[in-house]
2 protein chains.
Amino acid sequence: MQTKPQGVSARDTDVAVGTRERVVRAASRLLQQQGYEGTGIKLIAREAGATLGSVYHFFPGGKEELAVAAIHHGDQEFADTLRAGLDSADDPAVAVENCARRLASALRESEWTDGCPVTSTALETLGRAPRIQEACHAALRNWQEVLAAKFRECGFADEDAEELACTVLGALEGAEVTSQVFRSEQPLLTAGRHLARLVRSWS
Amino acid sequence: MQTKPQGVSARDTDVAVGTRERVVRAASRLLQQQGYEGTGIKLIAREAGATLGSVYHFFPGGKEELAVAAIHHGDQEFADTLRAGLDSADDPAVAVENCARRLASALRESEWTDGCPVTSTALETLGRAPRIQEACHAALRNWQEVLAAKFRECGFADEDAEELACTVLGALEGAEVTSQVFRSEQPLLTAGRHLARLVRSWS
DNA sequence: TTCTGGATAGATCGCTCGTTCTAGTGGCGA
DNA sequence: TCGCCACTAGAACGAGCGATCTATCCAGAA
């Protein structure tokens with residue numbers, strides 16, 4: 001058990017949350033915003049209200065092990081967001097469009113910084129950090145499965161559901177990047193509308 | 001005028017190409033593969049068969065100025081790829097699917113490393129390097145315009161063409177990232193098929 | 001031939017990186 | 001009460017970063 005966190009004014013300080021969890025949350029947020037190479041361990045520790053010693057105590061594998069844990073965290077968080085959006089409507093086309101709308105709102109509210117939690121890290125570490133790649137792969141698979149489950153529930157054949165989930169997730173991610181660069185909700189909202197049209201073309 | 005490049009065995013060495021161009025090409029490739037923070041100026045110089053002095057001679061603005069030039073280079077290269085793919089068929093749906101196929105082949109042949117030349121850099125520098133963001137923004141706009149022109153040629157209304165171009169580009173980029181992480185052509189090929197279906201839904 | 005300035009060359013600077021190391025703290029079971 | 005151990009704390013290390021600097025090279029103008 002950690003002693004009480006007496007960090008002064010760190011952004012992720014939360015008295016009810018243990019040091020390890022605070023570090024993972026800070027790492028997840030910073031990786032999302034600045035990527036793997038651009039994020040230093042010392043900054044993560046400072047933002048989490050922890051010290052370097054604590055970070056290496058919980059993650060003896062260093063930066064790579066911490067990144068893997070952070071990606072798993074972002075994985076589950078994004079999956080929850082996705083599920084919440086999909087549950088907002090029975091019709092799969094409407095549900096997908098609602099997902100896009102929610103992502104757009106969240107993006108604008110974060111000043112266009114909080115996009116997909118793994119894209120940046122995944123691209124930077126391609127072919128150079130297998131553990132991290134594996135975590136990113138698992139995250140994408142997980143999100144595709146969340147989408148595929150919704151489509152199957154709505155009567156899509158297994159293969160159609162799987163493939164559609166792959167395309168919808170990819171399109172949402174691509175539109176999210178576009179929205180971030182353009183600093184506009186429009187690309188995500190347009191993608192949502194077009195994806196709804198695509199989904200409807202099966203019925 | 002530069003003297004003859006006498007770099008020994010650098011990858012981008014090409015006797016017919018000036019030092020500045022070799023540096024830009026190497027920078028573009030490395031930014032694409034490892035992102036902005038992960039790519040050192042010294043490595044760029046080495047890969048280009050140039051020295052640090054030459055790099056700072058041509059790019060007194062340092063790493064940021066070099067990155068902007070590299071992104072403009074990747075911008076035009078990718079636009080050419082896109083145009084070539086779109087010119088391969090009159091039917092816009094077939095053309096888009098062909099684009100996806102070509103991107104998938106190129107990706108596999110590069111061992112899944114050569115994806116979109118700006119995504120990684122764009123995400124890493126969000127809100128922290130305005131010049132670079134501007135270059136990425138211009139690149140995305142340029143590629144969207146290439147797609148929109150094709151759609152207009154094929155009889156789409158201006159607004160439909162613009163919006164469809166936005167979604168198609170985003171979907172291709174997202175599918176490309178997915179293909180890179182999965183080390184498989186399938187996500188790009190599936191996205192191509194679905195995008196063709198979407199395009200056809202207008203006719 | 002001499003001069004000039006674009007281009008090359010690489011040593012060097014201050015800084016930050018990821019990591020390691022030792023010391024210290026405090027709650028809890030024996 | 002004592003000892004243990006999970007945890008905190010931060011100084012220190014070598015390596016590599018981006019950037020600066022001086023020295024040199026060499027084609028073509030004068």
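So that the names make sense, note that chain A is the first sequence line, chain B the second, and so on, each numbered from 1. Side chains included, hydrogens not; waters and symmetry mates left out as well; all remaining heavy atoms used. Computed from a predicted model, the values in this text were never measured in an experiment.
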All N/O donor-acceptor pairs, side-chain side in residues 172-179 of chain A, below 3.5 Å, sequence neighbours left out:
| residue | atom | partner | partner atom | Å |
| --- | --- | --- | --- | --- |
| A/Glu173 | OE1 | A/Thr119 | OG1 | 3.2 |
| A/Thr178 | OG1 | A/Gly174 | O | 2.9 |
| A/Ser179 | OG | A/Ala175 | O | 3.4 |
| A/Ser179 | OG | A/Ser184 | O | 2.9 |
| A/Ser179 | OG | A/Leu188 | N | 3.2 |

Query raised in the report: Ion pair present between B/Arg152 and B/Glu145, side-chain N to carboxylate O less than 4.0 angstrom?
Result: yes
Requested in this report: Pull out every stem in DNA chain C, meaning runs of 3 or more consecutive Watson-Crick or G-U wobble pairs with both distances under 3.5 Å.
Outcome: C:1-30 with D:1-30
Query raised in the report: Does a side-chain N or O from A/Thr19 land closer than 4.0 Å to OP1 or OP2 of D/dC7, or not?
Result: no
Report summary line: In terms of heavy-atom contacts, B/Arg22 and B/Ala50 come closest through NH2-N, 4.5 Å
**Report entry** Whole angstrom value for the distance that separates P of D/dG18 from CD1 of B/Ile132
**Finding:** 12 Å
Report task. Let me know the distance between CD1 of B/Ile44 and P of D/dC17, rounded to the nearest Å. Result -> 11 Å
Requested in this report: Could you check B/Gln144 against A/Phe182 for side-chain contact (heavy atoms from CB on, under 4.5 Å), going step by step and ending with a plain yes or no?
Outcome: CA-CA 12 Å; B/Gln144 285 183 2; A/Phe182 282 31; 3.8 Å; yes
Query raised in the report: Atom CD of B/Glu65 and atom P of D/dA19: how far apart are they, to the nearest Å?
Result: 11 Å
Report summary line: From CZ of B/Phe58 across to C1' of C/dA9 the rounded distance in Å is 13 Å
Query raised in the report: Once the angle between the rings of A/Trp202 and B/His194 is folded into 0 to 90°, is it parallel (under 30°), tilted (30 to 60°) or perpendicular (over 60°)?
Result: perpendicular
Query raised in the report: Is B/Arg141 paired with B/Glu162 through a side-chain N to carboxylate O contact shorter than 4.0 Å?
Result: yes
Requested in this report: Ignoring backbone atoms, establish whether A/Ser54 has a side-chain N or O less than 4.0 Å from OP1 or OP2 of D/dT8.
Outcome: yes
Requested in this report: Decide yes or no for B/Val168 and B/Trp143: does some side-chain heavy atom of the first lie under 4.5 Å from some side-chain heavy atom of the second?
Outcome: no
**Report entry** Closest-nucleotide 5' rank along DNA chain C - winner of B/Gly53 and A/Pro60
**Finding:** B/Gly53
Query - Sugar-phosphate or base contact per nucleotide [nucleotides 12-19 of chain C; S, B, -; heavy atom under 4.0 Å] - result: -----BBB
Query raised in the report: Starting at NE2 of A/His57 and ending at P of C/dT20, how long is that distance when rounded to a whole Å?
Result: 15 Å
Query raised in the report: If every non-hydrogen atom of B/Cys154 is compared with every non-hydrogen atom of B/Asp90, which pair is closest and at what distance?
Result: SG-O, 3.5 Å
Report task. Find out whether B/Arg128 and B/Gln133 are in side-chain contact, i.e. whether some heavy atom of one side chain is under 4.5 Å from a heavy atom of the other. Result -> no
Requested in this report: Figure out the CZ/P separation between B/Arg20 and C/dT8, and round it to whole Å.
Outcome: 12 Å
